[in-house]
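Letters go in sequence order (proteins before strands), and every chain restarts at 1.
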There are 2 protein chains.
Amino acid sequence: MVKEQNTEDRIVDAAKKVFINKGMDGARMQEIANEAGINKALLHYYFRTKNKLFEKVFSLVFGDVLHVIEQAVTKETDFEQFLENFIRQYIRLLKNKPFIPQFVIHELNRKPERIVAQIQSKNVIKEQMFSIIERAVEKKEIRPIQPVHLVTNILALCIFPFVAKPMVKGLALDDDEKKYKQYINERPDEVVAFVKQAVLLR
Amino acid sequence: MVKEQNTEDRIVDAAKKVFINKGMDGARMQEIANEAGINKALLHYYFRTKNKLFEKVFSLVFGDVLHVIEQAVTKETDFEQFLENFIRQYIRLLKNKPFIPQFVIHELNRKPERIVAQIQSKNVIKEQMFSIIERAVEKKEIRPIQPVHLVTNILALCIFPFVAKPMVKGLALDDDEKKYKQYINERPDEVVAFVKQAVLLR
DNA sequence: ATCTATTTTAACCTTTTGGTTAAATCGTTT
DNA sequence: AAACGATTTAACCAAAAGGTTAAAATAGAT
């Protein structure tokens with residue numbers, strides 16, 4: 001956020017922007033250099049290859065996502081609090097960086113092995129989430145549901161409006177950016193309410 | 001599905017396969033030619049440019065999706081039937097062509113104008129869906145919910161497990177393809193139940 | 001048999017792009 | 001002032017990729 005940053009950071013920020021918007025294939029080193037306000041030679045001086053730069057960017061972006069999830073998961077609260085917290089935090093992240101999911105998904109499908117590389121740090125999170133859900137089921141706070149399904153349901157509801165923005169905006173909202181923003185602002189409440197209705201036992 | 005097809009169809013099928021897997025940027029004309037069992041010269045003989053070929057493929061694929069949606073929407077039934085029908089049909093489509101959503105989403109984000117071009121045919125569908133939902137709300141069959149949100153919720157729940165396959169499989173299912181298939185098979189029931197719980201008034 | 005459209009072969013062109021290199025410049029530190 | 005790292009300039013290279021072309025081969029129809 002500070003104007004004062006060193007070249008390496010400027011490069012990484014520029015690369016984030018370009019890679020996220022264009023993907024690995026669509027991104028051009030020249031464009032990244034321009035975006036960073038430097039020239040191609042210096043770009044390669046810092047990061048020898050496009051691939052190295054991309055890997056750096058990917059792990060940073062994916063790290064951001066994991067961090068938010070971890071944050072929400074490790075706060076020991078009851079299920080309802082966890083749900084609210086998780087959904088609102090997650091959507092807030094995506095509101096600030098709306099291209100993250102498309103980027104992550106696209107690159108994950110392009111090179112699924114990457115997941116395996118970082119699997120250990122995620123496994124902790126997974127176990128945590130699953131156990132929160134299982135406990136809630138045992139305590140009859142929510143109806144019986146497999147953790148995998150509930151987790152993917154929640155993620156789906158949070159992520160979809162961002163990856164499918166042109167569809168949502170174009171098809172349902174008269175291609176009106178204001179209406180889309182309004183819609184996005186309504187999302188946290190909507191998703192929380194939807195999921196609660198779907199699983200909470202009353 | 002027939003082995004006997006003319007060259008143009010073979011090309012289009014091959015192009016579908018490659019474009020869907022690699023995207024516009026990642027796809028190679030040579031690879032499409034190989035996949036179709038012909039050479040590059042003949043490929044360009046049928047489709048002068050990569051772009052023309054791509055546009056053809058995109059509209060075909062997107063047409064498939066719209067067709068399924070249209071099918072489900074135009075069957076005049078009550079809300080519950082519509083819900084079941086829509087979800088099961090849609091997931092069946094994705095089970096057969098799992099790469100469609102990622103492809104459509106990626107290309108839609110790359111060139112959002114494309115939506116505007118086909119907007120009229122979709123507007124009918126949209127109106128139909130929205131009115132089904134509004135009627136259900138009026139009749140107190142479901143709790144009050146904005147059609148945009150409900151529609152996107154349903155689409156999200158259907159689509160996400162396919163676009164995020166590596167994540168679901170890797171994170172939650174021990175990277176086990178069998179478990180993933182099992183999970184996908186459970187999806188229709190799960191989604192139907194989830195949505196019903198979330199909106200149906202009992 | 002010949003005409004026609006289809007298909008192949010293979011060479012070729014051009015543009016784009018990732019990446020390199022060498023020399024010069026600028027700025028800071030010592 | 002000298003020295004060093006950071007940065008620019010600009011030319012260059014090689015590979016990849018989209019696209020073209022011309023000539024030959026193949027096959028089907030009249």
key: Which residues share a salt bridge (Lys or Arg N to Asp or Glu O under 4.0 Å) with A/E113, sequence neighbours left out   = none

key: By salt bridge (Lys or Arg N to Asp or Glu O under 4.0 Å) - contacts of B/K111 (at least two apart)   =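 Per chain and number, B/K111 pairs via salt bridge (Lys or Arg N to Asp or Glu O under 4.0 Å) with B/E55.
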
inquiry  = Taking the side chain as everything from C-beta on, heavy atoms only, tell me whether A/L201 gets closer than 4.5 Å to A/E141.
reply    =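 Not in contact.
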
ask   = Would a 4.5 Å heavy-atom cut-off, applied to side chains only, mark A/K95 and A/N185 as touching?
value =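 A/K95 vs A/N185: side chains touch.
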
note = Nt span of DNA chain C in reach of chain A heavy atoms at under 4.0 Å, 5' end first, is C/dT17 to C/dT21

inquiry  = Can a donor-acceptor pair be found, under 3.5 Å and without considering hydrogens, that links the side chain of A/R110 to the backbone of A/I105?
reply    = no

query = By ring-ring contact (aromatic ring centres under 6.0 Å, His included), which residues pair with B/Y90, not counting sequence neighbours?
reply =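 Once residues adjacent in sequence are excluded, the partners of B/Y90 under the ring-ring contact (aromatic ring centres under 6.0 Å, His included) criterion are B/F86.
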
Protein and nucleotides 24-30 of chain D: nitrogen or oxygen contacts under 3.5 angstrom:
none

request  = Using side-chain contact (heavy atoms from CB on, under 4.5 Å) as the criterion, list what pairs up with B/E80, not counting sequence neighbours.
outcome  = B/D78, B/K196, B/L200

inquiry  = According to side-chain contact (heavy atoms from CB on, under 4.5 Å), who are the partners of B/E177, at least two apart in sequence or on a separate chain?
reply    =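 Checked B/E177 against side-chain contact (heavy atoms from CB on, under 4.5 Å); matches are B/K165, B/K169, B/Y180, B/K181.
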
Nearest-angstrom distance from the residue atom [atom1] of [X] to [atom2] of [N]:
{"X": "A/N39", "N": "D/dT8", "atom1": "CG", "atom2": "C1'", "answer": "5 Å"}
{"X": "B/K40", "N": "D/dA16", "atom1": "NZ", "atom2": "P", "answer": "13 Å"}
{"X": "A/L43", "N": "D/dT9", "atom1": "CG", "atom2": "C1'", "answer": "16 Å"}
{"X": "A/Y45", "N": "D/dT9", "atom1": "OH", "atom2": "C1'", "answer": "16 Å"}
{"X": "A/L42", "N": "D/dG5", "atom1": "CG", "atom2": "P", "answer": "15 Å"}

Under 3.5 Å, which donor-acceptor pairs link side chains of residues 152-163 of chain B to any protein atom two or more places apart or in another chain?
{"from": "B/T152", "atom 1": "OG1", "to": "A/Y183", "atom 2": "OH", "distance (Å)": "2.9"}
{"from": "B/T152", "atom 1": "OG1", "to": "A/R187", "atom 2": "NH2", "distance (Å)": "3.3"}
{"from": "B/T152", "atom 1": "OG1", "to": "B/V148", "atom 2": "O", "distance (Å)": "2.7"}
{"from": "B/T152", "atom 1": "OG1", "to": "B/H149", "atom 2": "O", "distance (Å)": "3.0"}
{"from": "B/N153", "atom 1": "OD1", "to": "A/R187", "atom 2": "NH1", "distance (Å)": "3.1"}
{"from": "B/N153", "atom 1": "OD1", "to": "A/R187", "atom 2": "NH2", "distance (Å)": "2.4"}
{"from": "B/N153", "atom 1": "ND2", "to": "A/E190", "atom 2": "OE2", "distance (Å)": "3.3"}
{"from": "B/N153", "atom 1": "ND2", "to": "B/H149", "atom 2": "O", "distance (Å)": "3.3"}

inquiry  = Using a strict heavy-atom distance below 4.0 Å, which residues from residues 46-54 of chain B are in contact with DNA chain D?
reply    = B/R48, B/T49, B/K50

task = Measure from NZ or CZ of A/R88 to the centre of the six-membered ring of A/F82, then state whether that distance is under 6.0 Å and the direction lies within 45° of the axis.
result =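 Verdict for A/F82: no cation-pi partner in A/R88.
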
request  = Find out whether the Lys NZ or Arg CZ of B/R28 is both under 6.0 angstrom from the six-membered ring centre of B/F19 and within 45° of the ring's axis.
outcome  = no

message = Test: side-chain hydrogen bond (donor to acceptor under 3.5 Å, both in side chains). Region: residues 30-40 of chain A. Which pairs qualify, not counting sequence neighbours?
response =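 As it turns out, the side-chain hydrogen bond (donor to acceptor under 3.5 Å, both in side chains) pairs with a partner in residues 30-40 of chain A, which skip direct neighbours, are A/K17-A/E35, A/K22-A/E31, A/Q30-A/N34.
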
key: Close approaches to DNA chain C from residues 22-38 of chain A, in residue order (heavy atom, under 4.0 Å)   =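 DNA chain C contact set from residues 22-38 of chain A: A/A27, A/R28, A/M29.
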
Only pairs under 3.5 Å count here: list side-chain donor-acceptor contacts from residues 125-136 of chain A, not counting sequence neighbours, and write none if there are none.
{"from": "A/S131", "atom 1": "OG", "to": "A/Q128", "atom 2": "O", "distance (Å)": "3.1"}
{"from": "A/S131", "atom 1": "OG", "to": "A/R135", "atom 2": "NH2", "distance (Å)": "3.4"}

